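First up is the structure itself, then whatever we jot down about it.
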Amino acid sequence: MFNKCAMDPLCYANIDLTTVVPKVNNAVVSTMIQRAGKSFRSLKLGIVPGPTSSPGSCQPLVYSIRNSVDVSSFSWNDKKTRQGKESSILTRSCLYPLSGDNGAAGTLLRRLHLYNIERMDNASLCVALAACPSLLDLEIVGLHVELRQTLMSVSSNCHLIERLFFESSKTGRDDSLKSPTCVDLVNNCPNISYLSLRGFKLHDYKVRILVKGFRKLKYADFSTSYSISGTFLRNLGSGFGGNLLEVLILRDCMHLKEVEVARFLTAVLAGDFKFLRYLDISNREGLASEGDWYQRSYNSSIIPLKQVLEVRPNICLLAEFPSEGCYIDIDHMFDSDVNSEISLPSQLSSHTSDGSLLMSSSESSYNSDQGSGNEEYQVSGFVIYEESSDEVDFLVV
């Protein structure tokens, strides 16, 4: 009886091989995909460390075998000495079954989640995505792959995708994303309603292209994204794009400015963002001042928190800031090995801790749309002038 059950394709329709300790190799993945046959729909691979973080927190999911102290008796060096009998290490070829047999398995796949597969590279991931034209849900965490190449592959092959979650394996260092890639993603993947790009070095005008361009976007998470100042929020709730947002998470964005948050909430008070129900602007280093981001604000007097709470009590607003003087040296933080940090994705909650406020939202637009130094755009056509010397883009969505 158990043998018959083990051979039933329906048992392998949704394959979840995620573990806390490495226990799975490429052969196991291949065997299960073969047994799934035409029932194959979902695949989850890699190491997902625990325990689950508290609601509202936004720590990285990135996990490193080499730096972990919670993997019981597992030893990376011991595994390397058993190359011939390697039984619990996924390599770059673990996704090859998706593209084998003319991509039969990949064509059926709807959900692909990959966590902390250290040996995965850009080429292997792009080959796998090219074989998955029906993919609806893609989640990538802790892989040593480039944001730009990955989004280019998604844009070229996964036109039906609705949910995209991508967390950097090296927080604040991946600056690969370019404006044309953002525009191509918007044009080729119009069904995206959930977008999470965490830990990347994103500039406001690129984020604006994405948020303004995706007409169905309801969930946006740019937590721990370096360089975001908040200027992308200006006039976002009016017109097309951004007006359907229900969830916006900007937690621990180091350059997020106090004045931009104030303008955004003023827009909420004036009637914009009518569907907004969850906003997280918490920052463990406080918010940046308008003139110098090294000047931090821990208890802002210009952000209308109480007013929003009174007018829109249906919004859950997390605005958690440390006591003044708890500022952490940013340069020192990025020099440390972030791969040793572990956690799970944050979950939405209607309850907040003592430093946060529950607020309401209404939709209004910013009247001033001045540039921030790293962007200059026109809402009608997204005319963009990048600050970097290696590209100047004139893009139309």
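Computed from a predicted structure; not experimentally measured.
With values rounded to the nearest 0.5 angstrom, Leu10 atom CG is found 4.5 Å from Asp8 atom CG. The CZ atom of Arg111 lies 12.5 Å from the CD1 atom of Ile15; values are rounded to the nearest 0.5 Å. Residue Leu98 holds its CG atom at 6.5 Å from CG of Leu112, rounded to the nearest 0.5 Å. If you take CE on Met254 and CG on Leu256, they are separated by 11.0 Å, rounding to the nearest 0.5 Å. Taken to the nearest 0.5 Å, the CZ atom of Phe222 stands 6.0 Å off from the CG atom of Leu210. Atoms CD1 and OG1, from Ile117 and Thr91 in turn, are 9.0 Å apart once rounded to the nearest 0.5 Å.
With salt bridges taken as basic N to acidic carboxylate O contacts below 4.0 Å, none links Arg110 and Asp137. Glu246 has a carboxylate O that lies under 4.0 Å from a charged side-chain N of Arg277, or vice versa, which qualifies the two as a salt bridge.
In this structure, the side chains of Leu236 and Lys212 come closer than 4.5 Å at one or more pairs of heavy atoms. No side-chain heavy atom of Leu125 sits under 4.5 Å from any side-chain heavy atom of Asp121. Phe165 places none of its side-chain heavy atoms less than 4.5 Å from the side chain of Leu195. By the 4.5 Å heavy-atom criterion applied to side chains, Val207 and Ile209 are not counted as neighbours. Under the 4.5 Å side-chain criterion, counting only non-hydrogen atoms from C-beta, Thr107 is not in contact with Cys132. Considering only heavy atoms from C-beta on, Leu250 stays 4.5 Å or farther from Val261 through its side chain. Taking the side chain as every heavy atom from C-beta outward, Ser193 and Tyr219 never approach each other to under 4.5 Å. Counting only heavy atoms from C-beta outward, the side chains of Leu202 and Leu197 approach each other to under 4.5 Å.
The minimum heavy-atom distance linking Ala105 with Phe40 is given by the pair O-CD2, 3.5 Å. Between Ser153 and Leu129 the shortest heavy-atom distance is OG-CB, 3.4 Å. Across Leu160 and Leu136, no two heavy atoms sit closer than the pair O-CD2, 3.4 Å. Residues Pro304 and Ala262 share a closest heavy-atom pair of CD-O, 4.0 Å. Residues Ser225 and Gly199 approach most closely at OG-N, 3.8 Å, considering heavy atoms. Between Ser155 and Cys189, the shortest heavy-atom distance links the atoms CA-SG, 3.9 Å.
A donor-acceptor pair is defined here as one N or O able to donate and one able to accept, closer than 3.5 Å; such a pair exists between the side chain of Ser176 and the backbone of Arg148. Under a 3.5 Å cut-off, the side chain of Ser282 and the backbone N or O of Glu320 do form a donor-acceptor pair. Of the possible polar contacts, one joining the Thr150 side chain to the Glu146 backbone as a donor-acceptor pair under 3.5 Å is found. Between the side chain of Lys206 and the main chain of Leu177, a donor-acceptor pair closer than 3.5 Å is present. With Lys218 contributing its side chain and Phe275 its backbone, the two residues share no donor-acceptor pair below 3.5 Å. In terms of modelled atom types and a separation under 3.5 Å, the side chain of Asn25 and the main chain of Ile89 share no donor-acceptor contact. Judged purely by atom type and a 3.5 angstrom limit, Ser124 has no side-chain atom pairing as donor or acceptor with the backbone of Met120. Not a single donor-acceptor pair under 3.5 Å links the side chain of Asn26 to the backbone N or O of Leu90. Looking at Asn116, its side chain does come within 3.5 Å of a backbone N or O of Ile47 through a donor-acceptor pair. Without hydrogens or angle criteria, Asn243 side chain to Leu245 main chain gives no donor-acceptor distance under 3.5 Å.
Judged purely by distance below 3.5 Å, without hydrogens or angles, the side chains of Glu260 and Thr231 never pair a donor atom with an acceptor atom. For the residue pair Asp252/Thr224, the side-chain donor-acceptor check at 3.5 Å is not satisfied. Side-chain polar atoms of Tyr298 and Glu285 form no donor-acceptor pair below 3.5 angstrom. For the residue pair Asp204/Ser229, the side-chain donor-acceptor check at 3.5 Å is satisfied.
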* Asked: Yes or no on side-chain contact (heavy atoms from CB on, under 4.5 Å) for Tyr12 and Gln34, after CA distance, side-chain angles and deciding distance?
  -> CA-CA 9 Å; Tyr12 304 93; Gln34 290 178 8; over 6 Å; no

* To do: Check the pair Leu151, Leu164 against side-chain contact (heavy atoms from CB on, under 4.5 Å), reporting the backbone distance first and the verdict last.
  => CA-CA 10 Å; Leu151 294 189; Leu164 177 58; 3.6 Å; yes

* Do Leu138 and Arg163 pass the side-chain contact (heavy atoms from CB on, under 4.5 Å) test, and can you show the C-alpha distance, the side-chain angles, and the key distance before you say yes or no? -> CA-CA 6 Å; Leu138 176 63; Arg163 180 181 183 273; over 6 Å; no

* To do: Report the C-alpha distance between Val145 and Phe166 in whole Å, list the side-chain angles of each, state the deciding distance to 0.1 Å, and finish with yes or no for side-chain contact (heavy atoms from CB on, under 4.5 Å).
  => CA-CA 10 Å; Val145 295; Phe166 196 168; 3.7 Å; yes

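Aromatic ring pairs are classed by plane angle as parallel below 30°, tilted from 30° to 60° and perpendicular above 60°; the pair His113 and Tyr115 is perpendicular.
Between Leu95 and the choices Leu114, Ile33, Val127, the side chain to side chain contact (heavy atoms under 4.5 Å, CB included) rule is met once, by Leu114.
Both Val28 and Leu45 belong to a single network of hydrophobic side chains, linked directly or stepwise wherever heavy atoms of I, L, V, M, F, W or Y lie under 4.5 Å apart. Linking ILVMFWY residues whenever their side-chain heavy atoms come closer than 4.5 Å, directly or via other members, places Leu143 and Leu17 in the same cluster. Grouping the Ile, Leu, Val, Met, Phe, Trp and Tyr side chains by contacts below 4.5 angstrom, directly or via other members, places Ile192 apart from Met152. Residues Ile303 and Val311 are members of one and the same hydrophobic cluster, defined by side-chain heavy-atom contacts under 4.5 angstrom among Ile, Leu, Val, Met, Phe, Trp and Tyr.
Taking a 6.0 Å sphere around CZ of Arg92, one finds it holds 12 or fewer heavy atoms contributed by other residues, nucleotides or ligands.
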